[in-house]
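Pasting a structure here, questions to come.
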Amino acid sequence: MSILIKNGRIVTAVDDYFADVFIDGEKIVQIGKDLNVQADETLDAKGKLVLPGGIDPHTHLDMPFGGTTSADDFETGTIAAAHGGTTTLIDFAVQTKGKSTMEGLDTWHKKAQGKATIDYGFHMIITDMAVERLPEMTRLRDEGISSYKLFMAYPGVLYVDDGTLYRAFRQAGLDGSRICMHAENGIVIDEIIREAVADGKVAPKWHGLTRPTRMEAEGVHRSIAIAEVANVPLYIVHLSSHDALEEVKRGRARGVNVIAETCPQYLLLDSSLYEKEGFEGAKWVMTPALREQWNQDSLWQGLQFRDLETIGTDHCPFCFKEQKELGLESFTKIPNGAPGLENRMSVVYDAGVVQGRISLNRFVELTSTAAAKAFGLFPKKGTIAVGSDADIVIFDPDRKETISVNNECTHHMNVDYSAYEGREVQGWTDTVLSRGRVIVQQGKLETRGGGNFIKRAGAGELLR
Ligand code: URP
Ligand code: ZN
Ligand code: ZN
């Protein structure tokens, strides 16, 4: 099967030009002006942008958490991602405490295989790591799992102590893998929560009020120091605040190999949402919590000056009815997480490019190329080049939509609310190709399934 995309404006992290793209099978084989080739199908991209498919490096599909399971599985989640212009995601497989990480990997392969519509990889969440099990990490690397997530938050659930952090960091550094860090001092935060609950402060807004930004900054500072000593590339996930960003800048200024991700919710939403009537604020109970609005200017500046390198969603949806409602009695029981996988490209394009905060090239870099480079997917993914996978989004830069759980163009996630309800955005995913297959055409799903597991290269290596 061959496809010719004609008349589009091709934008990558560094290029911006008008040309045709010829795809044969799964790969881009030719790019040029007025290509004279025979194709099985021609797509006209006149007036549209031709972008590398989005890469979301942070999702939690079908994940048991907070006494329930995240509402999107690999079927619904990857279809929603495709509608939103994301063609690769990296999900977090979880190691069950006391069991092998290889078992965790097996479980996640079973969750995804045969269900995914777009390509996917896995990070591995480490919940404990005895010395004798360290060789597992090298085996995981050989299986294409070249990044880990460790948690300073959620004591008693996903939290690991500093000794475990150091052991895992050291082994990952030796293996050429990368560490992703949930940086928040969960031990201190748990004490603050205990005090709040004892005072009867149990409404959703107390989730935000018990998680000071200083405790995020402390976690960032500590993980950077440990990574520096252990000699491993570090990636701070879901960075949410000015205070935390200052610590990233300090680490980078002294030459530590640390990059950081933020998420659309921290760029666009703020803690005033926790003040909504009744239990409504539970929709935005996520960790880190939404911050005071003034933090957003610092985060946008971080994106502009490259102290923040990627935008992931931390998509971890729970339905308001029955799932979020597990915490009706106390915010401590509300499952942490919010939906966003489908909305990422449009909300960032609108708030970033349309509103003049970032260039179009930087938009592509932040939503695709930088994650491909950080997580061993580049140049197979993350760019439009001869030899790369034909993961391509034909994006309408002018189309406006109002995001709503009730708008069938904007909501395919398996969750009963939208974190961005009522938000009008400019910039819309029109047509999506995943390895040369048209999976979404003019907003309609064309193909289900066919997504592959991608074995990723190590940090700094190239995947062809
Ligand atoms: O609230 C969140 N972020 N839930 C998902 C787990 C995590 O910490 O990333
Ligand atoms: Zn996290
Ligand atoms: Zn997460």
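Ligands are counted one by one from 1 in listed order, and the atoms in each one are counted from 1 as well.
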Item checked: Pair N295, S298: side-chain N/O donor-acceptor within cut-off below 3.5 Å -> no
Notebook entry, point to check: What part of N336, side chain from CB on, backbone N/CA/C/O, both or neither, has a heavy atom under 4.0 Å from ligand 1?
Noted result: both
Next item on the list: With heavy atoms only and a cut-off of under 4.0 Å, state how F92 meets ligand 1: side chain, backbone, both or neither.
Entry: neither
Next item on the list: Could you tell me the separation between the NE2 atom of H242 and the CZ atom of R291, rounded to the nearest 0.5 Å?
Entry: 13.0 Å
Item checked: Heavy-atom nearest neighbour of atom 9 (O) of ligand 1 within options M63, K149, H182 -> K149
Note to self: According to side chain to side chain contact (heavy atoms under 4.5 Å, CB included), who are the partners of T86, at least two apart in sequence or on a separate chain?
What the structure shows: D56, A81, I118, R344, M345
Note to self: Aromatic contact between F92 and F122, with the criterion being ring centroids under 6.0 Å apart: yes or no?
What the structure shows: no
Next item on the list: Please list, chain by chain and in numerical order, all residues satisfying side chain to side chain contact (heavy atoms under 4.5 Å, CB included) with D175, sequence neighbours excluded.
Entry: M137, T138, R141, Q171, S177
Notebook entry, point to check: Can you tell me how far the NE2 atom of H60 sits from the OG1 atom of T69, to the nearest 0.5 Å?
Noted result: 13.5 Å
Checklist line | Residues which pass side chain to side chain contact (heavy atoms under 4.5 Å, CB included) with K381, listed by chain and number, not counting sequence neighbours | finding: I55, T88, D119, L377, D389, D391, R435, I454
Note to self: Any N/O/S atom, side chain or main chain, of C316 closer to the Zn ion (ligand 3) than 2.8 Å?
What the structure shows: no
Item checked: the Zn ion (ligand 3) - name of the N/O/S atom of H60 that sits closest to it -> NE2
Margin query: Just to be sure I understand the site: which N, O or S atoms from the protein are less than 2.8 Å away from the Zn ion (ligand 2)?
Written below: K149 NZ, H182 ND1, H238 NE2
Note to self: Let me confirm one number: the OG1-NZ distance from T107 to K99, rounded to the nearest 0.5 Å.
What the structure shows: 9.0 Å
Next item on the list: Give me the ring orientation class for Y417 and W284: parallel if the planes are under 30° apart, tilted from 30 to 60°, perpendicular past 60°.
Entry: perpendicular
Notebook entry, point to check: Just distances here: any N/O of G337 and N/O of ligand 1 closer than 3.5 Å?
Noted result: yes
Notebook entry, point to check: Any idea which N/O/S atom from H58 gets closest to the Zn ion (ligand 3)?
Noted result: NE2
